[in-house]
Number of protein chains: 2
Amino acid sequence: MTKKKSREPVEAGHTVEAAEPGEARDVPEAGEAGEAGEAGGAREPAAPAGQAFERVLRWVDDRILGGELRVGDHLPPERELAKTLQVSRAAVREAVRTLQAQGVVRSAVGAGAAAGTTVTAVPAHALTRLLRLHVALANFPLPDVVEVRISLERLSARLAARHASPDDVAGMQQLLDHMAQPGIEREEFNDADTAFHVAIAASAGNLLAADLTAAIRESMRLPILDRFRRIDAWEGVIDELRHDHEAIYAAITDGQADDAARLIEDHIRRAWQTLGSGEAP
Amino acid sequence: MTKKKSREPVEAGHTVEAAEPGEARDVPEAGEAGEAGEAGGAREPAAPAGQAFERVLRWVDDRILGGELRVGDHLPPERELAKTLQVSRAAVREAVRTLQAQGVVRSAVGAGAAAGTTVTAVPAHALTRLLRLHVALANFPLPDVVEVRISLERLSARLAARHASPDDVAGMQQLLDHMAQPGIEREEFNDADTAFHVAIAASAGNLLAADLTAAIRESMRLPILDRFRRIDAWEGVIDELRHDHEAIYAAITDGQADDAARLIEDHIRRAWQTLGSGEAP
DNA sequence: AGGCGCCTAGTGGTCAGACCACTAATCCGA
DNA sequence: TCGGATTAGTGGTCTGACCACTAGGCGCCT
């Protein structure tokens with residue numbers, strides 16, 4: 001039953017040691033010799049080992065949820081982790097890919113402190129990927145997404161009206177200027193539009209709301225662009241959007257939280273209606 | 001290394017064939033040292049370069065975003081996909097793990113239609129994992145999470161007041177009864193509490209809001225339980241929570257959307273304050 | 001003829017070992 | 001003393017093999 005193991009009082013070292021400080025890990029031939037991995041044994045599954053890569057995942061999860069692994073810490077080298085958990089390196093790599101897909105770790109080749117697999121915390125990319133795929137799979141219908149987006153951006157606008165720093169405001173102003181350029185292309189306008197909304201969310205000081213807003217807006221990028229292209233009265237639509245943005249910006253800089261929330265909701269709802277019907281006012 | 005053969009007539013597949021007719025099968029050949037870092041231009045990504053598993057990821061992404069791969073469709077068998085994309089099977093598996101971590105595919109061994117890797121759409125688990133890890137990493141501070149949760153649940157409560165079906169309502173009632181049991185344990189109460197909030201979100205008919213609510217609530221499970229355990233005046237707290245729930249339930253069944261939204265916000269805010277300070281009213 | 005069970009094929013799951021590319025630290029000769 | 005070559009350690013990839021599982025077919029036995 002070597003599967004029960006773990007639970008070593010790790011600690012020590014900056015990189016979460018995988019084996020006892022005294023080395024001597026070696027293969028725990030303790031009974032049950034033979035059989036690599038549990039494979040054949042239909043005996044008592046004392047440890048819900050399940051898939052090999054899940055054991056690695058569990059190992060990392062436990063240490064993250066337990067606070068032993070923090071942002072910036074290193075995971076043990078893949079080869080060492082494989083030996084410790086008695087799985088193949090391939091299994092370790094699959095687990096690492098899973099963690100990578102969730103924005104929890106980052107891998108780098110080479111030598112030195114910068115190399116190896118380190119714990120990070122960049123969920124924005126992961127969230128974006130996840131939402132984009134599921135929106136594309138029609139699992140999250142666009143109207144649902146829009147409603148959630150409104151809720152989040154109401155929150156962001158409200159907080160931004162209270163907490164936006166001068167730098168934040170300057171960034172928004174710059175994006176407004178960008179969108180004000182005459183004859184701006186639809187795609188470029190859309191990107192600046194997205195950046196404007198994300199800037200508001202970022203200035204709100206709520207990391208989760210900001211990341212979710214960015215992910216949601218990005219997940220709608222292709223559908224929105226499709227609708228943009230189908231619009232005939234482009235100039236009329238864009239003017240309306242600009243006007244909305246100006247009003248939102250004014251409310252935020254004036255610290256009018258309720259107004260900002262109301263305006264951004266109206267803005268999103270109206271824009272969505274315009275795009276949805278493909279007509280200009 | 002012996003790069004011979006590579007003829008293999010790819011038999012027709014009913015499951016999104018991998019080889020496109022007339023595709024430019026240009027082998028990247030690895031070489032080209034120096035181009036690392038995505039040279040500025042590169043508008044036409046003729047050479048995916050990047051990592052091997054990313055090529056697989058891209059292949060699947062393109063087909064999902066393009067609508068060729070829909071929920072229920074099968075990916076080609078790993079061995080076939082590897083041969084088609086000229087990568088190793090290990091690389092394919094790493095990409096599959098990434099997709100699996102995002103709730104986009106599901107793998108099953110065996111033979112027949114149920115086996116193989118199929119496209120699914122179960123993002124709830126993936127979202128939960130992602131949020132839980134990032135909350136544990138203190139990347140998403142709990143106060144931020146609570147604010148977002150309030151926004152989402154306001155939306156859910158509002159929609160639930162309009163759309164909740166009799167079955168939904170019955171489910172909520174059942175959870176209320178469960179929580180009303182005298183002497184209920186804290187953990188059990190917490191689970192029922194979570195289920196109650198998730199039931200509201202589910203009855204709202206907004207899939208994204210429901211999944212996000214469930215994920216957020218679950219990501220806070222351990223921190224909330226910790227606070228629960230530190231509470232002395234447990235009976236007083238639990239009574240207050242029960243009272244809140246009853247009021248929310250009443251507003252939803254009465255179709256009072258605004259009331260439901262206000263009540264659930266007050267409820268969450270008050271509960272969080274109570275838990276945060278560790279004191280009973 | 002009808003079961004019933006063994007066998008086969010196809011799939012993901014895992015493993016072992018090897019080599020490559022990259023990077024930081026170190027060594028060694030000029 | 002200095003600078004290039006070497007080394008060591010890391011992730012990235014590949015190859016080829018075997019295992020476990022499942023559906024479906026085949027053949028043997030009743």
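In what follows, chains carry the letters A, B, and so on, assigned in the order in which the sequence lines appear, proteins first and then strands, with residues in each chain numbered from 1. The shown structure was predicted, so the numbers you read here are calculated from the model rather than taken from an experiment.
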On DNA chain C, more 5' by nearest nucleotide between A/R79 and A/A113 is A/R79
B/E54 CD to D/dT13 C1', straight-line distance once rounded to whole Å | 13 Å
Looking at D/dG16, does its base get a donor-acceptor pair with the side chain of B/R89 below 3.5 Å?
-> no
May I ask you to say whether B/D73 pairs ionically with B/R63, meaning some side-chain N is under 4.0 Å from a carboxylate O?
-> no
Given C/dT14, D/dT13, C/dG13, which nucleotide is nearest the side-chain atoms of A/S88?
-> C/dT14
Could you state the CD-C1' distance from B/E80 to C/dG12, rounded to the nearest angstrom?
-> 14 Å
Is the shortest side-chain N/O distance from B/T117 to OP1 or OP2 of C/dG12 below 4.0 Å?
-> yes
Nearest to side-chain heavy atoms of B/R93, which nucleotide of C/dT23, D/dG11, C/dG13 = C/dG13
Any salt bridge between B/E218 and B/R129, counting N to O under 4.0 Å?
-> no
B/H125, NE2 atom: more than 12 neighbouring heavy atoms under 6.0 Å = no
Could you go step by step and tell me if A/D61 and B/R132 meet the salt bridge (Lys or Arg N to Asp or Glu O under 4.0 Å) rule?
-> CA-CA 10 Å; A/D61 279 4; B/R132 183 171 44 202; 5.6 Å; no
Closest to the B/P77 side chain: C/dG12, D/dT10, D/dG12?
-> C/dG12
In whole angstrom, give the distance that lies between atom CD of A/E78 and atom C1' of D/dG11.
-> 5 Å
Specify the separation, in whole Å, of atom CD of A/Q86 and atom P of C/dC15.
-> 10 Å
Ranking A/A114 and B/V96 by the position along DNA chain C of their nearest nucleotide, the one closer to 5' is B/V96
How close or far is atom P of D/dC14 from atom CG of B/L85, stated in whole angstroms?
-> 11 Å
Under 3.5 Å side-chain donor-acceptor pair for B/T194 and B/D191 | no
A/R97 side-chain N/O to D/dT13 phosphate OP1/OP2 under 4.0 Å | yes
Nearest heavy-atom contact between B/A126 and B/A101 is CB-O, 3.2 Å
Would you work out how much the helix from C/dA1-D/dT30 to C/dA30-D/dT1 bends between its ends, with each end axis defined by five base pairs, to 10 degrees?
-> 30°
So, are B/R89 and B/E80 salt-bridged, with charged N and O less than 4.0 Å apart?
-> no
Could you check whether B/A91 gets within reach of a base, just the sugar-phosphate, or nothing at all, counting any heavy atom under 4.0 Å?
-> sugar-phosphate
Which of the following nucleotides, C/dA24, D/dT13, C/dT14, is nearest to the side chain of A/A111?
-> C/dA24
To the nearest angstrom, how far is B/H74 atom NE2 from C/dT11 atom P?
-> 10 Å
Interatomic distance, A/L81 CG vs D/dG12 P [rounded to whole Å] = 14 Å
Determine the contact category for B/R106: base if any of its heavy atoms lies under 4.0 Å from a base atom, sugar-phosphate if only primed atoms, P, OP1 or OP2 are that close, otherwise nothing.
-> nothing
On the ring face of B/W59, is B/R55 found with NZ or CZ under 6.0 Å from the centre and within 45° of the axis?
-> no
How long is the line joining CD of B/Q100 and P of C/dG13, in whole Å?
-> 7 Å
